[in-house]
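Inspection log for the structure reproduced underneath, given as structure tokens.
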Amino acid sequence: MKLFNTTAFFAALTATLITVTLVLLGSRNLQNYDAALVAYLFGTLFAIFGVVYRYSVWIQRPPTKVYLKSSIRTLFSKEFIQCSWFSLKDFVKNILFQSFIIKRSKKKGIAHLMMAFGCLMAFAITVPLTFGWIHFTLVPETGLYPNVENIYTIHFFGFEMSTFPINSFVGFMTFGALNWCSVLVIIGATYFLQKRLKDPGLISTQTFEADILPLLLLNLVSITGLGLSLNYKFMNGKAFEFMAVSHAFFVIVFLIWIPFGKFFHIIQRPAQIGAHIYKEIGKNTGMQVCKHTKKEYTTRLHVTDLKEITTELGFNLQNNAGDSLLEYSPEGKRDLLAIAHLQARQTSGTYFG
Amino acid sequence: MNQYYKLQEEFFVDMQRCIGCKACEAACAECETNGHEPMIHVNYVNRAVTIQTTVQVCMHCDDPICANVCPADAITKDEFGIVHTANTSRCIGCSNCVMACPFGVPKKVEEYDLMMKCNMCYDRTSVGKKPMCATVCPSGALFFGTREQMEKLRPNSSPVNKFIFGMETVTTKVNIMLPKGTEVLKVF
């Protein structure tokens, strides 16, 4: 494997520069930028660079390239209409509500859903804030008199969007949104953490950096985040600096860890939709029948593509007659081995030895 | 945990001895790493003409084709040569591994949209125990132990871990017992 991938480097650099430009545009040349968030901004920029780099390397791998090409081909073909409704349903079912995890285990599915919703909502709130795309201002007249209700204005990319009284339901939900996200994440991540400490199957295969660290980070980010609210609401801001620094530290470690560890699956997961579309589109090419069992086992498109992928990866599964092992179903292949084994025993003159 | 893995113990399969009792299947479902789904395959070879059955565990290839064709980097091989089942957070359920494995081992569990396969009972082998299937096989089709033990049990057989599929030679961690002196088995 190459240590440095030039294509990926330039893709990552371009994405990072585009983000920096959008930060300058969105915050009106940093005029609306909250300087307290600058450390988070650098963490996010690093995460963007890393994620795009890893994603670019990933999609260059022969098996991944096949799915990418197929998805792009479908996007610009008549088949797009055929599969657009299917894709939308699939997205809602498997990405939004993650039904495939719920089927594996209800508890696990619900815990994962809480964690996923908590994280995604938190991203949706914090990323535009960190980029300076959203900021709040107090309507000056409402701030002058103690008896007048304070009104806030939301600005997006420097444009006024709407106003709301700070002591209203909208205000409560807006400024408390990250707290709700934290609660969801803490419940979900704690469930998985206790599973990882108790389940013998998980204990035998897990590693600290791949499985435990992400859950610890999610909990630490959420707990210190909740701590900030706790601090200014109930502790009159005592030890706020400590809480702010520790929260920033864990968030930045979390952001830096995204491209390397388990969190990258958030970026990879939509490929599942691509795999489903590929299967659906493949049916148009007909089904492959196993040469041994005479039963259908996958689409012809899948077999054709796998032949290309295996060849590109340096595996030659073709025999002298030009037949490919890939034209046999999994059951057919197991039978081929058993037949070869039986023949070897028969040739030796004894069935057992 | 895995410092207890006994590298001197190996898996030996003799499918000619398989009687199709499926005790291994029931035992396999006890494995903690499978989420209680049996991963071992027991099937008739050609039921119309013979009662021959075959048993198949993951062969744990040295250069696993399943891992190579995985578009999601979900399959990994560890320092003991164990090719692990798909990482649940990465697997996108494409079935590339299912179709490309020369031994027909990985299973796609449609309901979970996940590939699952035998990982040689890693919860057991990583603490020095034997895989479930090998502990219950009544006919000796599946055996887990040292080469010396196998040699005593099957003096007229040789363990083979080199298989030919077309132009490809695949070497594996798991051995198949073949007539004495055999070094390679041409399958296809």
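Computation of the quantities below employed the complete heavy-atom set of this structure, encompassing side-chain atoms and omitting hydrogens, waters and symmetry-equivalent molecules. Just so we're clear, the structure is a prediction, and the values are computed from it rather than from any experiment. Here is how names work: the chains are called A, B, and so on, in the same order as the sequence lines, proteins then strands, and each is numbered from 1.
- Contact of B/E110 with chain A is made through the side chain alone, with heavy-atom distances under 4.5 Å.
- There is no contact between B/C121 and chain A, counting heavy-atom distances below 4.5 Å.
- At a 4.5 Å heavy-atom cutoff, the contact between B/C94 and chain A is made by backbone and side-chain atoms alike.
- At a 4.5 Å heavy-atom cutoff, the contact between B/K186 and chain A is made by backbone atoms alone.
- In this structure, A/R300 contributes its side chain and A/G286 its backbone to no donor-acceptor pair below 3.5 Å.
- When B/V170, B/I65, B/T54 are compared by the number of non-hydrogen pairs under 4.5 Å with chain A, B/I65 comes out ahead.
- For the set B/C31, B/P102, B/S158, B/G93, the entry with the most heavy-atom pairs within less than 4.5 Å of chain A is B/P102.
- Of the charged side-chain nitrogens involved, none lies within less than 4.0 Å of a carboxylate oxygen, so that B/R154 and B/E151 do not count as a salt-bridged pair.
- Judged purely by atom type and a 3.5 angstrom limit, A/K291 has no side-chain atom pairing as donor or acceptor with the backbone of A/S329.
- Looking at B/C91, the atoms closer than 4.5 Å to chain A (heavy atoms on both sides) all sit in the backbone: N, CA, C or O.
- The contact between B/L178 and chain A is made by backbone and side chain atoms together, counting heavy-atom distances below 4.5 Å.
- B/T88 touches chain A through backbone and side chain together, each having a heavy atom under 4.5 Å away.
- B/S95 touches chain A through backbone and side chain together, each having a heavy atom under 4.5 Å away.
- Checked by atom type and distance alone, the side chain of A/T64 pairs as donor or acceptor with a backbone atom of B/P71 at under 3.5 Å.
- Most heavy-atom pairs under 4.5 Å with chain A: of the set B/I82, B/N87, B/D63, B/T182, this distinction falls to B/D63.
- In this model, a donor atom of one side chain and an acceptor atom of the other lie less than 3.5 Å apart for A/R345 and B/S157.
- Looking only at heavy-atom pairs under 4.5 Å with chain A, the residue among B/N96, B/V187, B/V69, B/T53 that has the most is B/N96.
- For B/N34, no part lies near chain A; criterion is any non-hydrogen pair under 4.5 Å.
- Legend: residues meeting ring pair (Phe, Tyr, Trp, His ring centres under 6.0 Å) with A/F192, ordered by chain and number and at least two apart, are absent.
- In the model, B/R90 has no side-chain atom that pairs as donor or acceptor with a side-chain atom of A/H265 under 3.5 Å.
- Applying the ring-ring contact (aromatic ring centres under 6.0 Å, His included) rule to pairs touching residues 159-188 of chain B yields A/Y328-B/F188, B/F103-B/F163, B/F103-B/F165, sequence neighbours excluded.
- Most heavy-atom pairs under 4.5 Å with chain A, from the set B/D113, B/V109, B/T33, B/N156: that is B/D113.
- Between chain A and the options B/T85, B/L185, B/N46, B/T50, heavy-atom pairs under 4.5 Å are most frequent for B/L185.
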